[in-house]
*Asks:* 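Below you will find the structure I want to go over with you.
Remember, it's 1-based here, ligands and their atoms both numbered in the order they're listed. None of these values were measured; they are calculated from a predicted model. Positions are given from 1 along the sequence.
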Amino acid sequence: MTPRRPREEDFTSPLRDNRVTSRVGLWLGIAFLVAFLTGVFSHYGQDTPGWFTYPTGPVSIYRVTQGLHVLAGTAAIPLLLVKLWSVYPKLFSRLPWPPSREAAIQAVERLSIGVLVASAVFQLVTGLQNTTHWYPWGFSFRSTHYAVAWVAIGSILVHVAVKLPIIRQALPQPLDEPAEPVATREPSMSGSGSGAHSMAAPSTSAPGVLSRRGLLRATYAAAGLAVLAAAGQSVSWLREVSIFGVRSGEGPQGVPVNRSAEEAGVVDSAMDPAWQLTLAYGSTTMKLSLADLEAMPQRTRSLPISCVEGWSAGATWTGVPVADLVARLGAPAESDVFVTSLESSGAFSTSTLPPQFSSHPDTLLALQLHGEALDIQHGYPARIIAPARPGVLQTKWVTGLEVLS
Ligand SMILES: Nc1nc2c(c(=O)[nH]1)N[C@H]1C(S)=C(S)[C@@H](COP(=O)(O)O)O[C@H]1N2
Ligand SMILES: [Mo]
């Protein structure tokens, strides 16, 4: 006998209720909004539109925004799973037949929910994959994650607008009251109800049965635990409990390493005693050895490395301000400076310092970390460290600086 296709009415759990869906949805919406805003900021930091000037401070801005981005995405995973569970029986409801205006509206709404769910799942899956350096697909992570972010936030807005009447009714409605329309159920045993509304014959507070309140508590606890478990990668005292923190926080000189010198293929060229920095401006070029750089006035600054993956670490860097090198070339102070590394390929082998960074006294060509020569994993012999910028732009193993304009 072939089992019959389920119908929406077959799913009878009183936990599936607009009150649960709307409360989880509220937090999910907040998480997506935080991830969207911080994500756009991060994208603009790397792919800066003409009208946007990325700030040079506060120095921890990217540490905070990108930490929030990853934490909001992490919290959204359990929230999304519970929200989908609370509504998935609707998948089995049938469109009205024969075709009518009503059926058409419902079909369009379902299509929009399809886009919403697909884009939300895509964002959370690819975001999580990015933090684990796992790219099973060929597409560019950043541009795709950015494009789909607009689809996700747009379909969330449409969804909230469509569901607003239900949300406004369900959000303030007490959790413990039976679902509408009031089902005729046996009153629960005395003492088993919880909260102020236990008088109202709660339909989900029988002993041993998970209540709506219990489900919500478990959901928030799961989201909170996921956040705690991921937060350790940015908040050092949480590192001990940070089972989801992808980077352990360990690395040479107490700073984690994203891409190693071995992976970048720069071990020999970086250790070569004949290493020189090439400075260029128009037809002027200049070569400086490590000793030449060390002979210039040095500046020491505490600036964090803040990775797009959400982890960050504070560190103290010593080196030559890039502005001094620009001045040494006789180039104008407010210039774009193109940075090249010994790495021959890869998206992070070059970066451009816009004028507000190339002229900022705290933008360093760093030679030291915590008062010692840079470890090769941190960019020996020289790396860029600029305040407030995304980690991907803090180019390691620098070999050339070219003043562009
Ligand atoms: N040449 C080069 N520089 C690079 C990278 C790289 O892959 N190649 N990775 C960047 C990224 S993604 C980060 S987060 C920082 C990490 O610096 P750290 O390894 O010293 O912590 O270096 C940046 N500089
Ligand atoms: Mo990074």
Side-chain angles (χ1 to χ4, degrees), residues 38-39 41-43 45-47 59-63 65-67 69-70 127 129-135 140-142 145 233-234 236 239 245-271 275 277-278 301-319 322 337-353 357 363-370 372-401:
T38 52
F41 178 72
S42 175
H43 187 76
Q46 297 165 71
D47 227 336
V59 288
S60 291
I61 186 165
Y62 193 76
R63 209 178 178 178
T65 61
Q66 198 59 14
H69 181 79
V70 171
Q129 279 177 345
N130 184 250
T131 66
T132 60
H133 289 200
W134 180 41
Y135 304 104
S140 145
F141 166 74
R142 183 159 52 81
H145 196 69
Q233 55 190 343
S234 350
S236 53
R239 212 156 257 161
V246 197
R247 302 289 161 275
S248 66
E250 283 156 30
Q253 300 173 311
V255 176
V257 172
N258 195 331
R259 190 161 158 84
S260 70
E262 291 78 12
E263 286 167 324
V266 298
V267 175
D268 294 338
S269 52
M271 298 309 285
W275 174 89
L277 175 74
T278 304
R301 277 291 170 271
S302 284
L303 298 171
I305 285 280
S306 319
C307 185
V308 292
E309 296 154 13
W311 64 263
S312 57
T316 303
W317 311 87
T318 303
V322 168
V337 174
F338 185 65
V339 182
T340 46
S341 80
L342 295 168
E343 211 179 337
S344 52
S345 64
F348 313 144
S349 59
T350 63
S351 64
T352 302
L353 290 161
F357 285 103
T363 299
L364 306 178
L365 182 70
L367 310 175
Q368 293 188 347
L369 170 51
H370 297 315
E372 308 161 1
L374 286 175
D375 189 280
I376 186 164
Q377 304 303 351
H378 292 307
Y380 178 87
R383 80 166 308 158
I384 290 295
I385 184 86
R389 289 193 101 194
V392 293
L393 305 173
Q394 312 279 32
T395 308
K396 307 196 275 193
W397 313 294
V398 171
T399 187
L401 296 179

*Asks:* In the protein, what heavy atom is nearest to atom 24 (N) of ligand 1, and what distance, to one decimal place, separates them?
*Replies:* Gln394 O, 3.0 Å
*Asks:* Return yes if a side-chain donor-acceptor contact under 3.5 Å exists between Asn258 and Glu309, otherwise no.
*Replies:* yes
*Asks:* Does an N or O from Ser349, backbone or side chain, lie closer than 3.5 Å to an N or O of ligand 1?
*Replies:* no
*Asks:* When you compare ligand 1 with Lys396, is there at least one nitrogen or oxygen pair between them that comes in under 3.5 angstrom?
*Replies:* yes
*Asks:* For atom 5 (C) of ligand 1, grab the closest protein heavy atom and report residue, atom and distance to one decimal in Å.
*Replies:* Phe348 CB, 3.8 Å
*Asks:* For atom 10 (C) of ligand 1, what's the nearest protein heavy-atom neighbour? Residue, atom name and distance, please.
*Replies:* Gly391 O, 3.7 Å
*Asks:* What protein heavy atom sits nearest atom 7 (O) of ligand 1, and how far off is it?
*Replies:* Arg259 CD, 2.8 Å
*Asks:* Suppose we measure from atom 2 (C) of ligand 1 to each protein heavy atom; which comes out shortest, and what is that distance?
*Replies:* Glu343 OE1, 3.1 Å
*Asks:* Working to the nearest 0.5 Å, report the span between CD1 of Ile384 and CG of Leu401.
*Replies:* 5.5 Å
*Asks:* Between Thr340 and Thr399, is any side-chain donor less than 3.5 angstrom from a side-chain acceptor?
*Replies:* no
*Asks:* Could you see which bit of Val392 sits under 4.0 Å from ligand 1, with heavy atoms only: side chain, backbone, both or neither?
*Replies:* both
*Asks:* Looking at Ser341, which atoms of ligand 1 are within less than 4.0 Å of one of its heavy atoms?
*Replies:* 1 (N)
*Asks:* Against heavy atoms of Trp397, which atoms of ligand 1 measure under 4.0 Å?
*Replies:* 1 (N), 2 (C), 8 (N)
*Asks:* Is any side-chain N of the basic residue among Lys396 and Glu343 closer than 4.0 Å to the acidic one's carboxylate O?
*Replies:* no
*Asks:* Against heavy atoms of Val255, which atoms of ligand 1 measure under 4.0 Å?
*Replies:* 21 (O)
*Asks:* Report, in ascending order of atom number, the atoms of ligand 1 lying under 4.0 Å from any heavy atom of Cys307.
*Replies:* 14 (S)
*Asks:* How close do Asp375 and Gln253 get, counting heavy atoms only, and between which atoms?
*Replies:* N-OE1, 2.9 Å
*Asks:* At the 4.0 Å heavy-atom cut-off, does Pro256 count as touching ligand 1?
*Replies:* yes
*Asks:* Using every non-hydrogen atom in the two residues, find where Tyr380 and Met271 come nearest and quote the distance to one decimal.
*Replies:* CD2-SD, 4.0 Å
*Asks:* With a cut-off of 4.0 Å, which atoms of ligand 1 are near a heavy atom of Asn258?
*Replies:* 12 (S), 14 (S), 19 (O)
*Asks:* If I compare all heavy atoms of Phe357 with all of Pro387, which pair ends up nearest, and what's the gap?
*Replies:* CE2-O, 3.0 Å
*Asks:* Please report the shortest heavy-atom distance between Tyr135 and Asn130, naming the atom on each side.
*Replies:* OH-ND2, 2.6 Å
*Asks:* Please check: side-chain N/O of Thr38 versus main-chain N/O of Gln66, any donor-acceptor pairing under 3.5 Å?
*Replies:* no
*Asks:* Is the cationic atom of Arg389 (NZ for Lys, CZ for Arg) positioned less than 6.0 Å from the six-membered ring centroid of Tyr62 and within 45 degrees of its normal?
*Replies:* no
*Asks:* Taking distance alone, with N or O pairs closer than 3.5 Å, would you say Trp311 contacts ligand 1?
*Replies:* no
*Asks:* Are any of the N/O atoms on Arg383, whether in the backbone or the side chain, positioned under 3.5 angstrom from an N/O atom of ligand 1?
*Replies:* yes
